[in-house]
Each structure stands twice: as C-alpha cells, then as structure tokens.
Amino acid sequence: MTKADLVEKVTALGDLTRRDGEIIVDTLFDSVIGALKTGDKIEIRGFGSFRTRQRKPRIGRNPKTGAKVDVPAKRVPYFKPAKELRDLVNPKESSEPEEIDIHHPPAM
C-alpha cells in the first residue's frame, strides 16, 4: 500500500475531499516523525509502538574500495507490532476464517 492508497482509504471513509484525506495522513505521519525526533515513543494499543534505538559508532567498509569508514552513532526508528496485530496477520488455524472489520477493531 502506498501513501496515495492510504489517502484514498481515508477519503472513502467519510464525506471528505482528497485534500482533507491528504491533510489527515500527513498530520499523522508528521506527528509520528516529530515525536521520534524528540525521543518520545508512540504507542497505539492493538497496533504497535514506534520508538528509536541508539546505535553505537562502528567501523564499516566501503563496499567499492574496501577502505575502512567510521560510522558515527545514530538513532534509528523501530516499530514493534502489538500482539493483536501479529495475531491478525497470522491467524490461528481454524475451519472458518474470522471476518475482520477494519473500521471497528476489537475491544482491548
């Protein structure tokens, strides 16, 4: 799914223009990025959490020349899915598939 596909889904949910859908999706992404930049974590119950992890400085290699390169320490974004999301992606074996309503997720 692309960002444009996500905007289409948001727009289709209500009486929204495409521009309104873009604003909603952009606001969501900007909020997540802003929180991660400041070191906060984002936790969406039933979906997962976004955090940053600190990577230590290390010595890497230039793949073309083989020369050693100093790689500085940095923070990298990390997503950890919630158990509910993992279970929805990997349903348990059953004779009848469970129908999932994406507009009304199960109560937590």
Side-chain angles (χ1 to χ4, degrees):
M1 175 179 279
T2 64
K3 185 176 175 183
D5 295 335
L6 187 57
V7 169
E8 284 298 320
K9 287 214 178 254
V10 169
T11 303
L13 287 177
D15 189 22
L16 300 172
T17 65
R18 178 158 178 83
R19 182 69 190 132
D20 290 340
E22 288 174 357
I23 290 171
I24 291 168
V25 171
D26 286 340
T27 301
L28 175 65
F29 289 161
D30 291 343
S31 298
V32 170
I33 291 167
L36 293 176
K37 278 184 174 180
T38 61
D40 290 339
K41 68 177 183 176
I42 298 99
E43 185 175 323
I44 303 167
R45 304 237 179 216
F47 184 73
S49 60
F50 296 89
R51 300 167 192 225
T52 56
R53 288 191 172 169
Q54 186 68 35
R55 290 227 176 123
K56 295 178 183 177
R58 61 186 175 85
I59 297 176
R61 290 197 175 269
N62 180 331
K64 191 171 186 177
T65 64
K68 291 184 179 182
V69 178
D70 286 328
V71 179
K74 59 184 168 185
R75 293 184 317 166
V76 293
Y78 172 75
F79 175 72
K80 180 180 178 186
K83 182 181 183 309
E84 292 87 353
L85 178 60
R86 288 192 313 267
D87 291 345
L88 290 172
V89 171
N90 299 301
K92 295 180 179 106
E93 294 294 324
S94 67
S95 58
E96 227 176 274
E98 182 180 332
E99 189 170 316
I100 300 167
D101 183 359
I102 62 169
H103 302 295
H104 300 93
M108 301 304 143

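One is the number of the first residue; the rest follow in order along the sequence.
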### Query
Would Val76 and Phe50 show up in the same hydrophobic cluster when neighbours are defined by side-chain heavy atoms closer than 4.5 Å?
no

### Task
Count the heavy atoms belonging to other residues, nucleotides or ligands that lie under 6.0 Å from CZ of Arg55, then report whether that count exceeds 12.
no

### Message
How close do Arg75 and Leu36 get, counting heavy atoms only, and between which atoms?
### Response
NH2-O, 3.6 Å

### Task
Calculate, to the nearest 0.5 Å, the distance between atoms CD1 and CG belonging to Ile24 and Leu16 respectively.
5.0 Å

#### Entry: Derivation and outcome, salt bridge (charged side-chain N to carboxylate O under 4.0 Å, His left out), residues Glu84 and Arg86
CA-CA 5 Å; Glu84 292 87 353; Arg86 288 192 313 267; over 6 Å; no

### Task
Cation-pi check, Arg53 to Tyr78: give yes when NZ or CZ is under 6.0 Å from the six-membered ring centre and within 45° of the ring axis, no otherwise.
yes

### Lys/Arg-Asp/Glu bridge criterion (N-O < 4.0 Å) met for Asp26, Lys3
yes

## Note on the structure
Tightest non-hydrogen contact, residues Ile59 and Asp70, listed as CG1-OD1, 3.7 Å

### Message
Would you compute the distance between atom CD of Gln54 and atom NZ of Lys56 and round it to the nearest 0.5 angstrom?
### Response
10.0 Å

## Note on the structure
Rounding to 0.5 Å, atoms CD (Glu22) and CG (Leu6) come to a distance of 11.0 Å

### Message
Would you say that Leu88 contacts Phe47 through its side chain, given a criterion of any heavy-atom pair below 4.5 Å between the two side chains?
### Response
no

### Query
With a 3.5 Å cut-off and no angle check, do the side chains of Thr2 and Asp5 form a donor-acceptor pair?
yes

### Task
To the nearest 0.5 angstrom, please state how far the CD1 atom of Ile44 sits from the CZ atom of Phe79.
7.5 Å

### Message
Please give me the minimum heavy-atom distance between Gly46 and Ala82, naming the atom from each residue.
### Response
C-CB, 3.7 Å

### Query
How many angstroms lie between atom OG1 of Thr17 and atom CD1 of Ile23, to the nearest 0.5 angstrom?
7.0 Å

## Note on the structure
Here the pair of heavy atoms bringing Val7 nearest to Gly21 is CG1-C, 3.9 Å

### Query
Do Lys80 and Arg51 come close enough that some side-chain heavy atom pair is under 4.5 Å?
no

